[in-house]
Engineer: 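Quick one: the structure is below, and I'll ask about it shortly.
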Amino acid sequence: FLQESTLKTVLSNRFYGMFGLFWDIKFCMKARSNYKRYIRDNLMRPNVLLYFVKYPTPGKVKTRLAKTVGDQEAARLYSELAEKNLRMIASLYQRNICDLVIAYDPPEKSEDIKRWLSLSCEYLPQCGEGLSERLIYAFGEAFQKGGKRVMALGSDTLGLTSEIIEEGFESLKSNNV
């Protein structure tokens with residue numbers, strides 16, 4: 001066992017930020033299990049759902065619908081549908097069926113989106129010029145973090161059910177897309 005003064009020196013060195021979370025002075029073996037738990041909890045589950053959402057700014061969402069009902073009403077309807085779908089998706093996330101990544105736009109509205117959606121999950125700004133670049137980026141991030149089966153959904157998808165999503169993940173187990 002190391003002496004307490006040696007431990008303080010080790011913990012105060014430049015590696016403390018990286019390894020300090022995992023070190024327990026009284027129970028050195030606990031450090032290893034804490035590290036394993038940290039790695040496990042910060043890697044993606046095999047199933048990952050990318051939920052693409054825009055901040056409901058009037059005039060920026062559902063613009064074709066807004067021509068009929070107005071910008072404010074279109075933004076309100078979009079917000080309601082996005083929240084309804086998120087409640088259903090959140091139940092899958094909370095039951096450990098999948099990890100949830102909210103891919104949001106615009107990137108500068110990060111705090112507003114987190115406050116609006118109020119869900120403790122991963123948030124990822126949408127990156128890229130068009131939808132294809134944004135999808136490629138989000139899928140790449142999910143696979144890089146350990147996701148095996150990744151699906152993307154738009155926040156304004158009508159008729160979305162948890163059964164549909166679960167069937168999608170089951171299909172991805174045997175069908176490489």
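Position 1 is the first residue of the sequence, and the numbers go up from there.
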Engineer: I'd like to know whether CD of Glu129 has more than 12 heavy-atom contacts from other residues, nucleotides or ligands below 6.0 angstrom.
Structural biologist: no
Engineer: Say you draw a straight line from CD of Glu83 to CG of Leu86; how long is it, rounded to the nearest 0.5 Å?
Structural biologist: 8.0 Å
Engineer: For the atom pair CG (Asn85) and CG (Leu158), what is the distance rounded to the nearest 0.5 Å?
Structural biologist: 8.0 Å
Engineer: Could you check Leu50, Leu160, Val53 and say which one makes a side-chain contact (heavy atoms from CB on, under 4.5 Å) with Leu153?
Structural biologist: Leu160
Engineer: Tell me whether Leu65 is reachable from Phe52 by hopping between hydrophobic residues (I, L, V, M, F, W, Y) whose side-chain heavy atoms are closer than 4.5 Å.
Structural biologist: no
Engineer: Can you hop from Tyr93 to Ile97 via hydrophobic side chains spaced under 4.5 Å?
Structural biologist: yes
Engineer: Tell me, please, which residues at least two apart from Lys173 pass salt bridge (Lys or Arg N to Asp or Glu O under 4.0 Å).
Structural biologist: Glu170
Engineer: State plainly whether one hydrophobic cluster holds both Val61 and Val69, where clusters connect Ile, Leu, Val, Met, Phe, Trp and Tyr through side-chain heavy atoms under 4.5 angstrom apart.
Structural biologist: no
Engineer: What do you reckon, is NZ of Lys60 surrounded by more than 12 foreign heavy atoms closer than 6.0 Å?
Structural biologist: no
Engineer: May I ask you to test the Tyr55-Asp105 pair for a side-chain heavy-atom distance under 4.5 Å?
Structural biologist: no
Engineer: Any donor-acceptor pair under 3.5 Å linking the side-chain atoms of Ser110 with those of Tyr104?
Structural biologist: yes
Engineer: Do Lys62 and Leu77 make a side-chain contact, defined as non-hydrogen atoms from C-beta onward lying under 4.5 Å apart?
Structural biologist: no
Engineer: State yes or no: do Met88 and Tyr51 share one hydrophobic cluster built from I, L, V, M, F, W and Y residues joined by side-chain heavy-atom distances below 4.5 Å, directly or via other members?
Structural biologist: yes
Engineer: Whether Arg45 and Asp99 form a salt bridge (side-chain N of Lys/Arg under 4.0 Å from carboxylate O of Asp/Glu) is what I want to check.
Structural biologist: yes
Engineer: Hey, which of Leu117, Leu124, Leu49, Ile89 is the one that makes side-chain contact (heavy atoms from CB on, under 4.5 Å) with Ile102?
Structural biologist: Leu117
Engineer: Are Ile165 and Leu119 connected in the hydrophobic side-chain network, where two residues link if heavy atoms are under 4.5 Å apart?
Structural biologist: yes
Engineer: Assess, by modelled atom type and distance only, whether the side chains of Ser171 and Glu167 contain a donor and an acceptor separated by less than 3.5 Å.
Structural biologist: no
Engineer: Mind checking what makes salt bridge (Lys or Arg N to Asp or Glu O under 4.0 Å) contact with Arg95, not counting sequence neighbours?
Structural biologist: Glu166
Engineer: Which heavy-atom pair separates Ile113 from Tyr123 by the least distance, and what is that distance?
Structural biologist: CG2-CE2, 4.2 Å
Engineer: Relative to each other, are the rings of Tyr78 and Trp116 parallel, tilted or perpendicular (30° and 60° limits)?
Structural biologist: tilted
Engineer: I need the Phe143 CZ to Arg149 CZ distance, nearest 0.5 Å.
Structural biologist: 10.0 Å
Engineer: Using 0.5 Å steps for rounding, measure from the SG atom of Cys121 to the CD atom of Gln94.
Structural biologist: 10.0 Å
Engineer: In Å, rounded to the nearest 0.5 Å, how long is the span from CD of Gln72 to CZ of Arg76?
Structural biologist: 10.5 Å
Engineer: Kindly give the heavy-atom pair with the smallest separation between Gln126 and Ala103, and that separation in Å.
Structural biologist: NE2-O, 2.9 Å
Engineer: Partners of Lys109 by salt bridge (Lys or Arg N to Asp or Glu O under 4.0 Å), sequence neighbours excluded?
Structural biologist: Asp112
Engineer: At what distance, to the nearest 0.5 angstrom, does CZ of Arg134 lie from CZ of Phe139?
Structural biologist: 15.0 Å
Engineer: If I compare all heavy atoms of Ala66 with all of Asp71, which pair ends up nearest, and what's the gap?
Structural biologist: CB-OD1, 3.3 Å
